[in-house]
Amino acid sequence: METETILMEHSDTIRTDRFDIRHTFESGQPLTFHADYTESGPSRNLSYATGRGRISVASKGNRLSYDYIGDYSASSARNEVVRRFALADDIQAIYAGINTDPFMDSAIRSFNGMRITENDPWEATLCFIISQFNNIKRIRLITRKLIERFGETYGYDNKELKLFPSASAIADASLEDIKVCGTGFRAEYIKSAATACTNSLDLQSLYPMDYEPAKSALMELDGVGDKVADCILLFGYRKMEAFPIDTWIKRVMETVYFKGRKKTIKELHRFAERRWEPEMLGYAQQYLFHNARSLKVGR
DNA sequence: ACCCAGGCGGGCG
DNA sequence: CGCCCGCATGGG
């Protein structure tokens, strides 16, 4: 029974250490934009569409159980969960490395167990093209509409299962159909990037590449600039040298590290690269970001 | 009503 | 290189 197709639901469990499903879900990662999250008492549940099925994880304390539906074998489903939630990361070592000041210390204490998830590169690309000049609530609205409209449909227990839409499905869609999902001026970017990822750019080929050349390749895509490329590299490829600087990161760094003085994106990148280890920059950014948003720094 | 949102592309000096 | 501008849309 290698590749079970749908209609059969399977489950398994994994022991985890310092994994907080809620902080991970709420911290502005691709799962924030499309997953379903519920809480009941001590148990937290996260359910999301992938390109080939649907995964549902539930955590109670240090036990994580998961169900899967779709084109998964037992081992590929387990691999998906372990990778998606970065369960192999040595989070203690990361905390020791990035805890350089009181603000970081408070971020680590407030959001202990927040992981940087690993998402499919196309999934990350689509989510973060949508994210530009936008807010998290609306990014979520748009992403879910795209899944609903363009995700492949499977029947499942008298219900419907929507997969995360492939690049080719979006490439084949009309601009109007993409706009109906609320994408606005980003519709052209989305269609163009989807077409490129279907025809000319093989996103899989970026995995073995170094950070800089991979970033250059991504920035060839329409609608992908410095910040979105860093997000794709971090949340899609887990290249930890990536340090996406958005309005929140800019404000919080100016406030915490520069006494409120204005700094350029370039200066902030340089500062981060001197302050934190390259293999931990992504985590440093994520804890800064979520703490800043939570405290509304500068708002 | 008005303002803003995990930025980017294009045009300018 | 830096700066400035417009950009669709929905929620506060």
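Naming convention: chains lettered A, B, ... in sequence-line order (proteins, then strands); numbering from 1 in each chain.
Protein atom CD of A:E188 is 14 Å distant from nucleotide atom C1' of C:dG6, rounded to whole Å. Put simply, CZ on A:R251 is 9 Å from P on B:dG6, counting in whole angstrom units. Between A:F33 atom CZ and B:dG6 atom C1' the separation is 6 Å, expressed in whole Å. One atom, CG of A:L146, and another, P of C:dA8, lie 17 Å apart when rounded to the nearest Å. In this structure, A:E267 places its CD atom 15 Å from C1' of C:dC3, rounding to the nearest Å. To the nearest angstrom, P of C:dC7 lies 20 Å from CD1 of A:I129. As rounded to whole Å, 13 Å separates atom P of B:dG7 from atom CD1 of A:I142. When rounded to the nearest whole Å, the span between CD1 of A:I232 and P of B:dG6 equals 18 Å.
Both distances falling under 3.5 Å, in either a Watson-Crick or a G-U wobble arrangement, place C:dG11 opposite B:dC3.
Using a 4.0 Å cut-off between a side-chain N of Lys or Arg and a carboxylate O of Asp or Glu, A:R238 and A:D89 qualify as a salt bridge. A salt bridge links A:K215 to A:D226: one of the charged nitrogens lies within less than 4.0 Å of a carboxylate oxygen. A salt bridge is defined here as a Lys NZ or Arg NE, NH1 or NH2 lying under 4.0 Å from an Asp or Glu carboxylate O, and A:K250 with A:E254 meets this definition. Salt bridge absent: A:K239 and A:E279 never bring a charged side-chain N and a carboxylate O closer than 4.0 Å.
Backbone-only engagement by A:K137 is indicated by non-hydrogen atom pairs under 4.0 Å involving sugar-phosphate atoms exclusively. Among the protein residues, A:S27 comes within range of the nucleic acid bases, having at least one heavy atom under 4.0 Å from a base atom. Among the atoms of the strands shown, only primed sugar atoms or phosphate atoms (P, OP1, OP2) are found under 4.0 Å from some heavy atom of A:L221. At a threshold of 4.0 angstrom between heavy atoms, the contacts of A:G223 are confined to the sugar-phosphate backbone, with no base atom among them.
Nucleotides B:dA5 and C:dG6 have their C1' atoms positioned 15 Å apart, rounded to a whole Å. Taking atom C1' on both nucleotides, C:dT9 is separated from B:dG10 by 22 Å, rounded to a whole Å. Comparing B:dG6 with C:dC5, their P atoms sit 22 Å apart, to the nearest whole Å.
Along DNA chain B, the nucleotide closest to A:G225 and the one closest to A:R138 are compared, and the more 5′ of them pairs with A:R138. Judged by closest nucleotide on DNA chain B, A:P244 is the one of A:V224 and A:P244 placed further toward the 5' end. Positionally, the nearest nucleotide of DNA chain C for A:T264 lies more toward the 5' end than for the other of A:L141 and A:T264.
Remark: the A:Q285 side chain and the B:dG6 base include a donor-acceptor N/O pair separated by less than 3.5 Å.
Nearest to the side chain of A:F133, among B:dG6, C:dG10, C:dC7, sits C:dC7.
Contact annotation: A:T247 reaches the phosphate of B:dG7 (side-chain N/O to OP1 or OP2, under 4.0 Å). Taking 4.0 angstrom as the limit, A:R299 places a side-chain polar atom (N or O) nearer than this to OP1 or OP2 of B:dA5. Here A:K266 reaches the OP1 or OP2 of C:dC1: one of its side-chain N or O atoms lies under 4.0 Å away.
There is no side-chain donor-acceptor pair under 3.5 Å between A:E26 and A:H290. Side-chain polar atoms of A:E176 and A:S174 form no donor-acceptor pair below 3.5 angstrom.
Stacking between A:F185 and the base of C:dA8 is absent under the criterion of ring centres within 5.5 Å and planes under 30 degrees. Ring stacking holds between A:F289 and B:dG6, with the centres under 5.5 Å apart and the planes within 30 degrees of each other.
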